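Structure first, commentary second.
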Amino acid sequence: MAKQLAMGIDLGTSNSCVAIVEDGVPKVIANEWGERTHASVVSFLDDGGVLVGNDAKKHIITNPRNTISSAKRLIGRYSFSEEVKKAQSIASYEIVDGPNNAVRVRVKGRDLAIPEISSMVLKEMRAIVEAHVGHAVTQAVITVPAFFNDNQRQETKNAGKIAGLDVLRIINEPTAAALAYGFGQNIHQKVVIYDLGGGTFDVSILQIGEDVFEVLSTSGDTYLGGDDFDDRVAAWMLESFTAQHKVDLRKDRHALAKLKEAAERAKIDLADNDKTRIHIPLLYTDKQGFSHDLDMTLTRAEFNKMVMDLVQRTFKVCDEALQQARMTPAEVDGVILVGGPTRLPIVRNSVRHYFQREPNIDVDPDLVVALGAAIQADALLDASTATYLLDVTPQTLRLGTVSGFTEVVIERNTSIPIDRTRTFVTARDNQEKVKIRVYQGESRKASECQMLGEFEFAGLRQAVRGEVKVEVTFEIDTDGIVNVSARDVETGQKASTAITLSGGLSDDDIAAAAARTAKAEVRQR
Amino acid sequence: MAEYTDPQFWPQLKHLAATIDTLDYFQILNVAQTSPGAQIKVSYYQLARALHPDKFFHLDDESLKEAVTKIYKRVTESYMTLKDEPKRLKYLRDINGPDRASKLRFSEESEAEQKEQQKAAAKVAKTPKGEQMYNTAVVDLQNGRLDAAYKALQSATLFEPANAELKRLLAEVDKKRKGG
């Protein structure tokens, strides 16, 4: 029997990438047009077909209402969260509320859950691998930002299930990058992974000892990425155009999509050039029927000024990660850059200045995460490959207490897998159930943390109050996903567990979505 | 070299999982109570190589995998506690005290007590190093190691030569160990 194959997928905010290990060598698989990175964009066509990837991205301008980009910014978030509110005001597609405060996108009158959108990107990655090897491949390791909380990890895993994948493991993007960097190198180093992606920023500090990759600390900002750089440029363009033509384009989603696309191109151009010309033909047609182009020049110096505060924010996160690892920048043996925006000179120079050393650029910042995921996928299936990822949980796990406060159950930067137990005593006679709320975050106030869900343990023994002791176990598994279970201390009887208020998809939702996407016709160009 | 993934070791692993609640963190990590931090890390890495659930991922025996995960989670817990100096000191007191059986797992109560202890230490010592040495001395005293406690306090006074409270303690311990 041929050796089992599993792929590693970097499911990014802006771009995705897929890799496998072939003959012991990790490699990124290109699609039939030779492209190795693929826009994480899904476009729903008028004839019912679906486009995914770089082709779908072209439809952002021609078909903005039915083309979904940056879905990762919404995954696992509640509809009342700030990120969703912001996306609602700027996205070219419609974002609506779903059941249990979940988020849905409305496309052609149908409401789709975010994991359903992500699953279409994953299916595309799977198709690329299958076309390459010539047979079905269903096993995969999918990466997520290290700072992703439990809800975001769960929903990413659900996206994999909807895509018909057997998700072997969810691993953290910076950890995957470290794995690709250190794999087979027999190094003993403390390295910093500076991972600035399209929508998220992560920094992880790892100690690499041959085959063991121990994460000492991780920190991040899931609201900071290359997208925000584009927004700054687009806002500047909009302001200048508005001033020049006395016209307000802020309600014109079509024009905004064009601005955003041009802003991204300008940013990429400025990685290699001192200045760039931004030209959008026919951006606006006035009442007299005259069309106006946008034509401006942006210098690197001007661009740097626009984004400097965003770059500075990344170093606040670095400060925190170093402090958590109890290290100084001087104790770092190497800095590895991950993510497209790290190609920008302003980012590279700032990183060099902060760590007082030349960052490592041997690894391709766009591909390294998928390569690491492929190495881990291969190691899981192959008994002879030995790499050990000792990762940590990025945010403190908390338990809701009275009057809106929380207490710590598992501290951030605790190695995983791990579990902790808490004992609860019944407060009323014949109490049937115990309810607890679980949060993730760094504040004692519940309102400043992310709620993961409310757990209800039912079917307790009938007894006078104080008699029944319920032992609740909080586990964080190797995917960084939280599992909560409860049992009666005396009888050992497991309590039935129901999760409410979570906003996540149920098993039935996943099955239904999987059936729908299996039917959806994914178009080749 | 024989690996734990070899079926001959499975009964042993399942037995370990079933009885792990009776072991303290030092026994789980297979280190002496006096082992330095570096040794704790070496042992953790060795156990990760031998028992990380990823290593057993490809096997089909679910009950074995469950057992390995249970053991490994306790390995992680042991490492997280023992690599942190104040927690290690508190844990040492816990497991060498009268309530050993109920204190094998470092709990939130232990954490609260430990914070009290730290506050108390912060009242006596005024520098981080001094505080650390003072903490060490307190544990030594609780375990009847008078010479070690004296040495630790002596080091603490080196960091804080003007601290009268430390000097008083030093003299007191000195008197005790000379048979006072």
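Below, read A as the first sequence line, B as the second, and so on, with proteins coming before strands; counting in each chain starts at 1. Computed from a predicted structure; not experimentally measured.
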Distance from B:Leu51 atom CG to A:Tyr388 atom OH, nearest 0.5 Å?
9.5 Å
Is it the case that atom NZ in B:Lys14 sees more than 12 heavy atoms from other parts of the structure closer than 6.0 Å?
yes
Side chain, backbone, both or neither: which part of A:Ile416 has a non-hydrogen atom closer than 4.5 Å to chain B?
backbone
side-chain hydrogen bond (donor to acceptor under 3.5 Å, both in side chains) partner of A:Asp419, the single match among B:Arg74, B:Lys73, B:Lys70
B:Lys73
Tell me, side chain or backbone of B:Phe56 under 4.5 Å from chain A's heavy atoms, or both, or neither?
neither
Are B:Glu85 and A:Arg326 within salt-bridge range, i.e. N to O under 4.0 Å?
no
Within a radius of less than 6.0 Å around NZ of B:Lys65, do more than 12 heavy atoms belonging to other residues, nucleotides or ligands occur?
yes
Taking everything shown except B:Arg100 itself, do over 12 heavy atoms lie less than 6.0 Å from its CZ?
yes
Report yes if some heavy atom in the side chain of B:Phe57 is under 4.5 Å from a heavy atom in the side chain of A:Arg169; otherwise report no.
yes
Shortest non-hydrogen pair, B:His58 vs A:Leu381, comes out as CB-O, 3.8 Å
To the nearest 0.5 angstrom, please state how far the CZ atom of A:Arg420 sits from the CD atom of B:Glu77.
7.0 Å
What part of B:Thr5 gets closer than 4.5 Å to chain A, counting heavy atoms only: side chain, backbone, both or neither?
neither
Which bit of A:Thr414 is near chain B, if near means a heavy-atom gap under 4.5 Å: side chain, backbone, both or neither?
both
For chain B, which candidate among A:Glu411, A:Gln207, A:Glu210 shows the most heavy-atom pairs at distances under 4.5 Å?
A:Gln207
Rounded to the nearest 0.5 Å, how far apart are CG of A:Leu390 and CG of B:Asp54?
9.0 Å
Looking at every non-hydrogen atom in both residues, tell me the closest pair between B:Arg49 and A:Gly209 and how far apart they are.
NH2-O, 3.5 Å
Heavy atoms only, distances under 4.5 angstrom: which of A:Asn413, A:Asp211, A:Ile476 has the most pairs with chain B? Name it, please.
A:Asp211
Heavy atoms of other groups near B:Asp6 CG, more than 12 under 6.0 Å:
yes
Student check: side-chain heavy atoms of B:His52 and A:Leu389 closer than 4.5 Å
no
I want to check something: taking the side chain as every heavy atom from C-beta on, are A:Glu214 and B:Lys41 in contact at a cut-off of under 4.5 Å?
yes
Are more than 12 heavy atoms, taken from residues, nucleotides or ligands other than B:Lys126, located less than 6.0 Å from that residue's NZ atom?
yes
Under 6.0 Å from the CD atom of A:Glu490, do we count more than 12 heavy atoms belonging to anything else shown?
no
